[in-house]
A.B. asks: 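A single structure is presented below for examination.
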Amino acid sequence: MTEALENTEAPASDAEPDSPPAVTGNTVVENSGTVNNTFNNFGPQAQETDRTDAPEVTTSLVDGPVPDAMIKEAIKAFCHPGGYQNALRVLRERRVLVLCGRSTGRTLAGVRMLIDLNLDALQQLDPLRPLNDLATLRKPTVSTGYLWDDIVTRDWANGLTWRALSGVERSLRESGSFLVIAFNAEDVRDPNVKAYLAEIAAPDTADVAKAHLKARGVPDIQHAGLLGQVELDRALPDYSRPSRGAEVARQLHEAAQGLYDIEEVKENLYRRQDEDVKSWFEKNKDLQIRALAISIAFFEDLPYNTITAASKELEDVLKNPENKEIWPYRPPNLFWESRGDRLRRAQAKQRPADELTAVDPEPIIFSRPDWGERLLLYVWKEHERIRPIIQNWLAVVSRSILIPGITGHDQSLTRFGTLLAKAAESRVMEWVIDWAYDESESLQSLAAMTLRGMSANSSYVRYIKNFLHAWCNPRTQLSCRMTAAIALGGEFGRSQPEFALLRLRRLTKNATPELGLEIGKTIRSLLAEPSNRSLVLSTLPVWILEGGATSRQIALRCALNALSLNGGGTISFVEGDTAAVRILITALLEDGKLRRRAIVGLNLWAAEAEWKAESNSHVSGLLRLLFTSPDDILIRRLSFYLRKAFAEEPRQTAPLRNALARSLKEMSDAR
């Protein structure tokens, strides 16, 4: 191991690299040459500036792998747009494709083209970085397809030149890689760029709907019947985007499963703008029913009692004369209507019983898909005076009513952020900043989940990243660091794992036990995206080798999940994971506190392998990986700790002992 890795702490750096360090072979490498100048770019403390502003930070050029869900959609539910083959030809010939065509599904088309090229890896690039920054990209070790999407093309227009693209082309040819850039043709200013440009036309939206029904497991013979329940010329007008076809398929499939009534789905698909929401709101002037509907919109799919408690809290706030009666209040007749009547008036119902897993009282959902999201946006836009009241009400509910960890808790807390994203609020951080600085763990969680929801608006992503970078400073107050750790999970972190892992590394310094637990939860969230596993595996050894004692313990606990040694079942590792897996398992076996848990995890693998062929293959692969290391010292350490475990608990470790004996015999016979 290099001399740099023997240091317990890495010195601070003035800039961050384009991607986190990785373990490859038997050495930890990073694209600037050493690990030491990787992580500790502390930056100014958030407290030293305006709390609703944060210093700009340069983020990683690579956001992370293209999500598995998008890859599956591009394989199973893809309809070829017009001009697809020509665009694919340009990409094959030029290595760089400027893919144009508004509202044509070009993002999914770009992913499908990269899949059709049979590349070894697919990566997303940060749309906030300019094209010239591609020169700083570390040369990939395997053929890689890059997707540059969600670009503000006006900001990019001057940099998109033939000279720049030809330079990128040469670099990509050297590594056998390809790049798709989603762009607006009208913003291309250099006419010579046409050699790299191709435009596609949207596929038929009815065909898109059929493809998505098939991807959801609906047999082809049933497609016509489902689509025949709606007037397609009304549900899918000529100007519809391909995503509209996917939405129609989703709603029809949910109706077929009994989640929604088909008549409600049809009304929802035929609606014009939000006239139905406006009509409902004007018709239902009772404060109680409006408060109930708003509560369901925020906490849909939570139990009825939780929602009614939140609704009562909102009623009490809105009827307070000090708030000048935003809506007229009339004392209710307490026996005027039943629970079912109230829910029907609020356009809601209990989740169908066959969808339940023995929950009582039942979760509440709206009777129409996406009704809650549209209702909240209408209230937010049309009744501005209620905005701060909703903000304060959410804080009260999160502290005193919501139970952390229950199903749907996190999703509910992201809805305020999603609302802000759709409303395109200016100075958006003003709605969340006080929660992040609060000592209440509930408000920190609310702030973090709101940030996750806000990331749905691409124009907010830069601000969110700036704040998270500042809050991950080890000298920032604990509440902000806790908020950052939670915010880096979920869809936001899973879609940008390189950014998340770099900031989590900073958080491990001087982390309290509570913060360490949140970092562990976020790592588990990142691992929920299968394509992130190799990245996590390659990062944790750097935390162990470069960090202090706190970083090491957090990394080791995270390693149990990354290696699937916490009862998650066996997994396979790719060739690039080899060195990381060896380092992590050795470190776990050397740790007095976690050694037993690692042995138990390996033994569970071996026990599963005795009856499952795929698991047997995974166990054999792992043991071969460990015991064919060129590092004799590592093998001796592994052997010592395994022999010790076998001697101390012979019966409990019998499956692992037997699996090891079989693998060693197979390796010996293969020589």
A.B. asks: Would L468 and F499 count as a side chain to side chain contact (heavy atoms under 4.5 Å, CB included) if you check the C-alpha gap in whole Å, the side-chain angles of each, and the deciding distance to 0.1 Å?
C.D. replies: CA-CA 10 Å; L468 293 181; F499 174 84; 4.2 Å; yes

A.B. asks: Which distance, rounded to the nearest 0.5 Å, do you find between the CZ of R129 and the OG1 of T136?
C.D. replies: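 If we round to the nearest 0.5 Å, R129:CZ and T136:OG1 are 5.0 Å apart.
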
A.B. asks: Of the non-hydrogen atoms in P140 and S177, which two are nearest, and what is the gap between them?
C.D. replies: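 That closest heavy-atom pairing would be CG-OG, 3.6 Å.
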
A.B. asks: Could you tell me whether R462 and E56 make a salt bridge, using a distance below 4.0 angstrom between a side-chain N and a carboxylate O?
C.D. replies: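 Salt bridge flag = yes for E56 with R462.
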
A.B. asks: Can you list the steps and then say if S663 with R624 is a side-chain hydrogen bond (donor to acceptor under 3.5 Å, both in side chains)?
C.D. replies: CA-CA 7 Å; S663 293; R624 280 196 304 273; 5.8 Å; no

A.B. asks: Any chance the side chains of E608 and S615 put a donor and an acceptor closer than 3.5 Å?
C.D. replies: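 Yes.
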
A.B. asks: Quick one, S495 and D63 - any side-chain contact, counting heavy atoms below 4.5 Å?
C.D. replies: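 With C-beta onward as the side chain, the pair stays apart.
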
A.B. asks: Closer than 3.5 angstrom, by distance alone: can the side chain of S445 be matched with the main-chain N or O of E441 as a donor-acceptor pair?
C.D. replies: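 No, S445 side chain to E441 backbone: no donor-acceptor pair under 3.5 Å.
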
A.B. asks: Mind running salt bridge (Lys or Arg N to Asp or Glu O under 4.0 Å) on E590 and R595 for me, showing each step along the way?
C.D. replies: CA-CA 7 Å; E590 288 178 337; R595 182 185 307 135; over 6 Å; no

A.B. asks: Which atom names give the shortest non-hydrogen contact between A511 and L507, and what distance separates them?
C.D. replies: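 Heavy-atom minimum between the residues: CB-O, 3.4 Å.
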
A.B. asks: So for atom CZ, which belongs to R533, do other residues, nucleotides or ligands contribute more than 12 heavy atoms lying within a distance under 6.0 Å?
C.D. replies: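 Atom CZ in R533 is packed in, count exceeds 12.
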
A.B. asks: Under a 4.5 Å cut-off applied to non-hydrogen side-chain atoms, are E73 and F78 in contact?
C.D. replies: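 No, side chains not in contact.
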
A.B. asks: If the test is side chain to side chain contact (heavy atoms under 4.5 Å, CB included), which one of V168, L137, L119 qualifies with Y146?
C.D. replies: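 One option only clears the test, and that one is L137.
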
A.B. asks: Walk me through it: do D577 and L625 pass the test side chain to side chain contact (heavy atoms under 4.5 Å, CB included)?
C.D. replies: CA-CA 10 Å; D577 298 336; L625 182 157; 5.7 Å; no

A.B. asks: Would you call R582 and L626 a side-chain contact if the rule is heavy atoms closer than 4.5 Å?
C.D. replies: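 The answer is yes; the side chains approach within 4.5 Å.
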
A.B. asks: How close do P65 and N532 get, counting heavy atoms only, and between which atoms?
C.D. replies: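 Nearest pair, atom of P65 first, then N532: CD-OD1, 3.5 Å.
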
A.B. asks: When you compare the side chain of V111 with that of L114, does any pair of heavy atoms fall below 4.5 Å?
C.D. replies: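 They are not in contact (no side-chain heavy atoms under 4.5 Å apart), so the answer is no.
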
A.B. asks: Taking the side chain as everything from C-beta on, heavy atoms only, tell me whether W605 gets closer than 4.5 Å to S564.
C.D. replies: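 They are in contact (side-chain heavy atoms under 4.5 Å apart), so the answer is yes.
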
A.B. asks: Taking everything shown except R596 itself, do over 12 heavy atoms lie less than 6.0 Å from its CZ?
C.D. replies: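 Open: at most 12 neighbouring heavy atoms sit under 6.0 Å from CZ of R596.
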
A.B. asks: Check the pair L134 / L125 against side chain to side chain contact (heavy atoms under 4.5 Å, CB included), numbers first and verdict last.
C.D. replies: CA-CA 9 Å; L134 201 63; L125 301 182; 3.8 Å; yes

A.B. asks: Between D591 and Q553, is there a side-chain donor-acceptor contact under 3.5 Å, judged purely by atom types and distance?
C.D. replies: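 On atom types as modelled, these side chains qualify, holding a pair under 3.5 Å.
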
A.B. asks: Are the side chain of T483 and the backbone N or O of A447 linked by a donor-acceptor pair below 3.5 Å?
C.D. replies: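 Flag not set: sc T483 to bb A447 has no pair under 3.5 Å.
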
A.B. asks: Within a strict 4.5 Å, meaning less than it, do heavy atoms of the P497 and E529 side chains meet?
C.D. replies: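 SC-SC contact between P497 and E529 ruled out.
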
A.B. asks: Just how far is it from atom CH2 of W471 to atom CD of Q477, taken to the nearest 0.5 Å?
C.D. replies: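 If I round to the nearest 0.5 Å, the distance is 10.0 Å.
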
A.B. asks: Given side chains that start at C-beta, do those of K665 and R662 come closer than 4.5 Å, heavy atoms only?
C.D. replies: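 They are not in contact (no side-chain heavy atoms under 4.5 Å apart), so the answer is no.
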
A.B. asks: Roughly how far apart are L515 CG and I554 CD1, rounded to 0.5 Å?
C.D. replies: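 Here the rounded value is 6.5 Å.
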
A.B. asks: What I want to check is whether the side chains of T107 and D149 have a donor and an acceptor closer together than 3.5 Å.
C.D. replies: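 Yes - a donor-acceptor pair under 3.5 Å links their side chains.
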
A.B. asks: Minimum heavy-atom separation for L451 and A487, please, with both atom names.
C.D. replies: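 The answer is CD1-CB, 4.2 Å.
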
A.B. asks: Pair R552, W543 - check side chain to side chain contact (heavy atoms under 4.5 Å, CB included), show working.
C.D. replies: CA-CA 6 Å; R552 177 183 175 86; W543 294 16; over 6 Å; no

A.B. asks: Give a yes or no on whether the backbone of E439 and the side-chain of S479 come within a donor-acceptor separation of less than 3.5 Å.
C.D. replies: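 Answer holds: no.
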
A.B. asks: Under the side-chain hydrogen bond (donor to acceptor under 3.5 Å, both in side chains) criterion, do Q496 and K465 qualify, and how do the steps go?
C.D. replies: CA-CA 10 Å; Q496 303 175 86; K465 286 184 172 181; 2.7 Å; yes

A.B. asks: Donor-acceptor check, side chain of T578 to backbone of E575, threshold 3.5 angstrom: yes or no?
C.D. replies: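 Checked: pair present.
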
A.B. asks: When rounded to the nearest 0.5 angstrom, what is the spacing between CD1 in I571 and NE2 in H618?
C.D. replies: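 Between I571 CD1 and H618 NE2, I get 8.5 Å after rounding to 0.5 Å.
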
A.B. asks: The criterion is salt bridge (charged side-chain N to carboxylate O under 4.0 Å, His left out); which residues satisfy it with R112, sequence neighbours excluded?
C.D. replies: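 Once residues adjacent in sequence are excluded, the partners of R112 under the salt bridge (charged side-chain N to carboxylate O under 4.0 Å, His left out) criterion are D116.
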
A.B. asks: Which heavy atom of A587 sits nearest to which heavy atom of I544, and what is that distance?
C.D. replies: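 Shortest heavy-atom separation between A587 and I544 comes out as CB-CD1, 4.3 Å.
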
A.B. asks: What residues, two or more places apart in sequence or in another chain, satisfy salt bridge (charged side-chain N to carboxylate O under 4.0 Å, His left out) together with D120?
C.D. replies: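 Residues passing salt bridge (charged side-chain N to carboxylate O under 4.0 Å, His left out) with D120: none at all.
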
A.B. asks: For a quick test of reading the model, state the closest non-hydrogen atom pair linking T476 to A470 and the distance between them.
C.D. replies: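 Closest heavy-atom pair between T476 and A470: OG1-O, 3.1 Å.
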
A.B. asks: With sequence neighbours excluded, tell me which residues meet ring pair (Phe, Tyr, Trp, His ring centres under 6.0 Å) with W148.
C.D. replies: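 Ring pair (Phe, Tyr, Trp, His ring centres under 6.0 Å) list for W148, sorted by chain: W156.
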
A.B. asks: Is there a side-chain contact between M454 and I464 in this structure, where contact means two heavy atoms from C-beta onward sitting under 4.5 Å apart?
C.D. replies: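 Answer yes - side chains close enough.
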
A.B. asks: Looking at S442, is its backbone amide N or carbonyl O close enough to the side chain of S440 to form a donor-acceptor pair, meaning the two atoms are under 3.5 Å apart?
C.D. replies: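 Judged by distance alone, yes, a pair lies under 3.5 Å.
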
A.B. asks: What's the spacing between I406 CD1 and L402 CG if we round to 0.5 Å?
C.D. replies: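 It comes to 6.5 Å.
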
A.B. asks: Answer yes or no for R452 and F492: cation-pi contact, defined as NZ/CZ to six-membered ring centre under 6.0 Å and angle to ring axis within 45°.
C.D. replies: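 Output no; distance or angle outside limits.
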
A.B. asks: Does OH in Y463 sit with more than 12 non-hydrogen atoms of other residues, nucleotides or ligands closer than 6.0 Å?
C.D. replies: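 At most 12 heavy atoms, drawn from other residues, nucleotides or ligands, come within 6.0 Å of this atom.
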
A.B. asks: So, taking the atom named CE in M429 and the one named CG in N466, what distance separates them when rounded to the nearest 0.5 Å?
C.D. replies: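 Result: 10.0 Å between the selected atoms.
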
A.B. asks: Answer yes or no: is there a donor N or O on one side and an acceptor on the other, between the side chain of Q444 and the main chain of D438, under 3.5 Å?
C.D. replies: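 Looks like yes, one N/O pair under 3.5 Å.
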
